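What follows is one structure encoded as structure tokens, with my remarks underneath.
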Amino acid sequence: MKIYNTLNKTLETFDPIHENTVNMYVCGPTVYNYIHVGNARPVIFFDVVRRFFEYLGFTVNFVSNFTDVDDKIITKAIEDETDERTIAEKFIEAFYRDVERVGSSTKYLAPRVTKYMSAIIDYIDQLIQEDFAYAVDGDVYFRVTKVDDYGVLSGRKIKDLESGARVEVNKKKENPLDFTLWKSTTEGIKYPSPWGEGRPGWHTECVAMIHDIFGGKIDIHGGGADLMFPHHENEIAQNRAFHQHHLANYWMHNGHLHVNEQKMSKSEGNVDLVKDLDGDLMGFRLFTLGTHYRAPISYSDEILESYVNEWEKLKRVYTQAFYALDLAERLDEDLVKFTALETIREDFVQAMRDDFNTANAITELRELAKFTNRAIRKTDGYDALRAAIDLFNTMFTILGLKVDVKRMSKDTRALYMAWTDARKNKDFEKADRLRETLQNRGVLA
RNA sequence: GGUCCCGUAGCCAAGUGGCUAAGGCAAUGGACUGCAACUCCGUGAUCACCGGUUCAAAUCCGGUCGGGACCUCCA
């Protein structure tokens, strides 16, 4: 298994800390709004990472947090004349709904900042004791110059960053790059701490959670490319205060989704929300996996539509193969191996092993579709169809794609037979009527 | 101002030194079909431009043009 590690900027062979186990953490959403289609990319991609490791036989411990204490949540609460907790709950629920609709699992550990307050405060306190942080007027800042390789992840040097004109001037900070660990506040939700009432900065939660849940270094830490700096850099810095390692062995970052060559982002206002996408979102899922995860994805109605069409085709071929077997009552026979299918399977897995190259993996899915469509036309191709269905199931499980199809009822089967008879007898009026019914039931394409 | 990425057919996209540059969508020709749908077979590329390295470059190096990201909340 090869993974591109952002930390070293190289493709590396995956070597787990604990045998047959993958411990992975992905930065989750700040729950103050519905997620847009760009936000869905890591939700889908890292779900596929999890699925593929499971296919390879690993036990995957997947954790993704909710940031439910944040200025934006407070602003939103004031706007809606309610409290932060209500806002957070509302958008956590909405998030889970969207995650499910795009076909990703919601069954993973999802720690919340509000439930981790004491761990976060303890962590900050230790940083102060070790001189990696300092308190000023109720605020606490991290001292970046104390970490010798600060900037290792994002490839930045403190000197370069300092020259950036856009760094805010905050006289309380010893160095403009020092980041907030604790923020003294008077407005909105606040918590007691040794430094006074306030709320935590954004960067400590992930480190505190990872230490608490995994007890130390993890295998994979993932998130969007925009989190690399400063968020992930600062996580590493906080961790480096106590440990020699970089929190995770492999850092993975997904590229952004672009609209008209520009990043889709809430602050740009060019967003389409996941909740507003219609119907079956498997086509959308296929779309996000159609481009290698590190590259930017271009998004437009036209592009999305081409993937939606493709998904319709895949669904059709799978369904047709299934019903062909069902009609012949050969769904339950033993599997026979087909060299052509074994090649497709190997190439698919090979593509996935190569840094989760879902784009190439999907090419194999298309090969399989073609193979199956040919087999459907042959009346004696039942062994091939069964093997094809089996391979479809494997690939769909790994990619998180799903087709709903059930065995035909007696009633439907009778209609099907009647349709075949009508065609034989050239009773086309009756045949067309039956065809329509069967199409409505999803049995005929 | 600093750091970094990208530019492959109408659209999307794989490929990062070596056979005729994958694949999909769209378009188009054919086959199949009672009609249609579906499906299958076929058809398309001076790899942004200029120069260099090499026996060999889409791929490496330099430059030009164009687009983008990060340095501020962001997946």
Side-chain angles (χ1 to χ4, degrees), chain A residues 9 11 26-30 32-33 35-46 64 67 70-72 75 151 154-157 159-168 176-177 202 222-231 233 253-258 260-268 271 286-288 290-300 302-310 312-314 316-317 319-320 347 351 354 357-367 369-377 422-429 431-432 435-436 439 444-445:
Chain A
K9 284 143 200 79
L11 202 59
V26 177
C27 291
T30 300
Y32 69 103
N33 206 338
I35 61 165
H36 60 66
V37 295
N39 298 136
R41 171 117 99 146
V43 167
I44 293 168
F45 174 68
F46 288 107
S64 187
T67 301
D70 184 90
D71 288 1
K72 288 183 295 263
T75 309
S154 55
R156 288 155 209 273
K157 298 183 181 83
K159 223 181 109 204
D160 293 340
L161 287 163
E162 281 172 345
S163 67
R166 296 168 74 185
V167 174
E168 63 179 297
L177 292 175
W202 178 37
D226 52 348
L227 297 183
M228 216 155 94
F229 189 88
H231 185 55
E233 195 69 71
H253 293 94
N254 63 272
H256 287 128
L257 183 137
H258 287 203
N260 298 327
E261 311 269 298
Q262 270 206 323
K263 171 172 97 156
M264 175 177 285
S265 78
K266 289 165 190 163
S267 47
E268 294 288 337
V271 298
L286 194 65
F287 155 73
T288 67
T291 303
H292 185 89
Y293 77 93
R294 281 188 279 123
I297 295 189
S298 329
Y299 176 78
S300 71
E302 187 195 351
I303 298 165
L304 178 57
E305 200 189 324
S306 81
Y307 281 94
V308 169
N309 289 343
E310 233 194 308
E312 289 303 319
K313 283 191 182 187
L314 288 169
R316 204 148 46 217
V317 62
T319 309
Q320 291 309 107
D347 289 350
D354 179 19
N357 195 329
T358 52
N360 283 341
I362 287 171
T363 301
E364 300 307 319
L365 194 55
R366 291 169 182 144
E367 278 294 317
K370 203 166 277 187
F371 173 95
T372 311
N373 270 319
R374 284 194 217 107
I376 287 172
R377 302 292 149 143
R423 287 172 71 208
K424 256 184 214 152
N425 303 330
K426 300 199 189 290
D427 183 352
F428 297 127
E429 220 174 287
D432 286 353
R435 178 168 71 188
E436 205 186 323
Q439 279 172 336
L444 287 180

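Below, chains carry the letters A, B, ... as their sequence lines are ordered, and counting in each starts from 1. Just so we're clear, the structure is a prediction, and the values are computed from it rather than from any experiment.
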Problem set entry | Between P of rA13(B) and OH of Y293(A), the distance in whole Å | 17 Å

Exercise. Which whole number of Å gives the distance between the C1' atom of rC6(B) and that of rC41(B)?
Worked result: 37 Å

Exercise. What integer number of Å spans the P atoms of rU39(B) and rG44(B)?
Worked result: 22 Å

Exercise. Should K313(A) be listed as having a side-chain N or O under 4.0 Å from OP1 or OP2 of rG24(B)?
Worked result: no

Exercise. Across all strands, who's sitting opposite rA13(B) as a Watson-Crick or G-U wobble pair, both distances under 3.5 Å?
Worked result: none

Exercise. For Y299(A) and rA75(B), what is the distance between atoms OH and P respectively, to the nearest whole Å?
Worked result: 17 Å

Exercise. Taking only side-chain nitrogens and oxygens of N373(A), does any of them come within less than 4.0 Å of OP1 or OP2 of rU39(B)?
Worked result: no

Exercise. Looking for any heavy atom pair under 4.0 Å, which part of the strands does D71(A) touch: base, sugar-phosphate only, or nothing?
Worked result: nothing

Exercise. Which value, in whole Å, describes the distance between the P atoms of nucleotides rC60(B) and rG23(B)?
Worked result: 23 Å

Problem set entry | P spacing across the pair rC74(B) / rG17(B), given as an integer number of angstrom | 36 Å

For this session: Test for a donor-acceptor pair under 3.5 Å between the base of rA37(B) and the side chain of R435(A), counting only N and O atoms.
Result: no

For this session: May I ask you to say what T363(A) touches in the nucleic acid, namely base, sugar-phosphate or nothing, with a heavy-atom cut-off under 4.0 Å?
Result: base

For this session: Would you mind classifying the nucleic acid contact of K263(A) as base, sugar-phosphate or nothing, using non-hydrogen atoms under 4.0 angstrom?
Result: base

For this session: For rG52(B) versus rG30(B), give the span between their P atoms, rounded off to a whole number of Å.
Result: 48 Å

Seminar exercise, completed: Applying the 3.5 Å cut-off to both distances, the Watson-Crick or G-U partner of rA37(B) turns out to be none

Exercise. Under 4.0 Å between a side-chain N/O of S154(A) and OP1 or OP2 of rC4(B), yes or no?
Worked result: no

For this session: Can you tell me the pairing partner of rU59(B) across any strand shown, Watson-Crick or G-U wobble, with both distances under 3.5 angstrom?
Result: none

For this session: Name the nucleic acid region contacted by G38(A), choosing base, sugar-phosphate or nothing; use a 4.0 angstrom heavy-atom cut-off, strictly under.
Result: base

For this session: Round to a whole Å and report the spacing from CG of D226(A) to C1' of rA75(B).
Result: 5 Å

For this session: Assign S265(A) to base, sugar-phosphate, or nothing according to its heavy-atom contacts below 4.0 angstrom with the strands shown.
Result: base

Exercise. Using atom P of each nucleotide, how far apart are rA45(B) and rA58(B) to the nearest Å?
Worked result: 16 Å

Exercise. Rounded to whole angstroms, how far apart are CG on D427(A) and C1' on rC35(B)?
Worked result: 14 Å

Problem set entry | Pairing nucleotide - rC74(B), Watson-Crick or G-U, each distance under 3.5 Å | none

For this session: May I ask you to say what F428(A) touches in the nucleic acid, namely base, sugar-phosphate or nothing, with a heavy-atom cut-off under 4.0 Å?
Result: base

Problem set entry | Nearest-nucleotide 5' precedence on RNA chain B, E367(A) against Y307(A) | Y307(A)

For this session: Could you tell me whether the phosphate oxygens of rC6(B), OP1 or OP2, come under 4.0 Å of any side-chain nitrogen or oxygen in R294(A)?
Result: no

For this session: To the nearest Å, give me how far apart CG (L314(A)) and C1' (rG23(B)) are.
Result: 13 Å

Problem set entry | rC32(B) - base-pair partner by Watson-Crick or wobble geometry, distances under 3.5 Å | none

For this session: Describe the nucleic acid contact of L444(A) in one word from base, sugar-phosphate, nothing, applying a heavy-atom distance below 4.0 Å.
Result: nothing

For this session: State the pairing partner of rU3(B); accept Watson-Crick or G-U wobble contacts with both distances under 3.5 Å, and report none otherwise.
Result: rA69(B)

Problem set entry | Any N357(A) side-chain nitrogen or oxygen under 4.0 Å from OP1 or OP2 of rG15(B) | yes

Exercise. Should the heavy atoms of other residues, nucleotides or ligands under 6.0 Å from NZ of K424(A) be counted, would the total exceed 12?
Worked result: no

For this session: Determine the contact category for H253(A): base if any of its heavy atoms lies under 4.0 Å from a base atom, sugar-phosphate if only primed atoms, P, OP1 or OP2 are that close, otherwise nothing.
Result: nothing

Exercise. Paired with rC19(B) by Watson-Crick or G-U wobble geometry, both distances under 3.5 Å: which nucleotide is it?
Worked result: none

For this session: With C1' as the reference atom in both, quote the distance from rC32(B) to rG42(B) in angstrom, rounded to an integer.
Result: 15 Å

Exercise. Does R156(A) put a side-chain nitrogen or oxygen below 4.0 Å from OP1 or OP2 of rC70(B)?
Worked result: no

Exercise. In whole Å, what separates the P atom of rC4(B) from that of rC61(B)?
Worked result: 13 Å

Exercise. Between atom CE in M264(A) and atom C1' in rC70(B), what is the gap in whole Å?
Worked result: 19 Å

For this session: With a 3.5 angstrom cut-off on both distances, give the Watson-Crick or G-U wobble partner of rA27(B), or none if there isn't one.
Result: rU43(B)

Exercise. Across the strands shown, which category fits H292(A) at heavy-atom distances under 4.0 angstrom: base, sugar-phosphate, nothing?
Worked result: sugar-phosphate

Exercise. Hey, does the side chain of Q439(A) reach the backbone of L444(A) with a donor-acceptor pair shorter than 3.5 angstrom?
Worked result: no

For this session: In whole angstrom, give the distance that lies between atom CD1 of I297(A) and atom C1' of rA14(B).
Result: 14 Å

Problem set entry | Integer-rounded Å distance: rG24(B) P and N309(A) CG | 14 Å

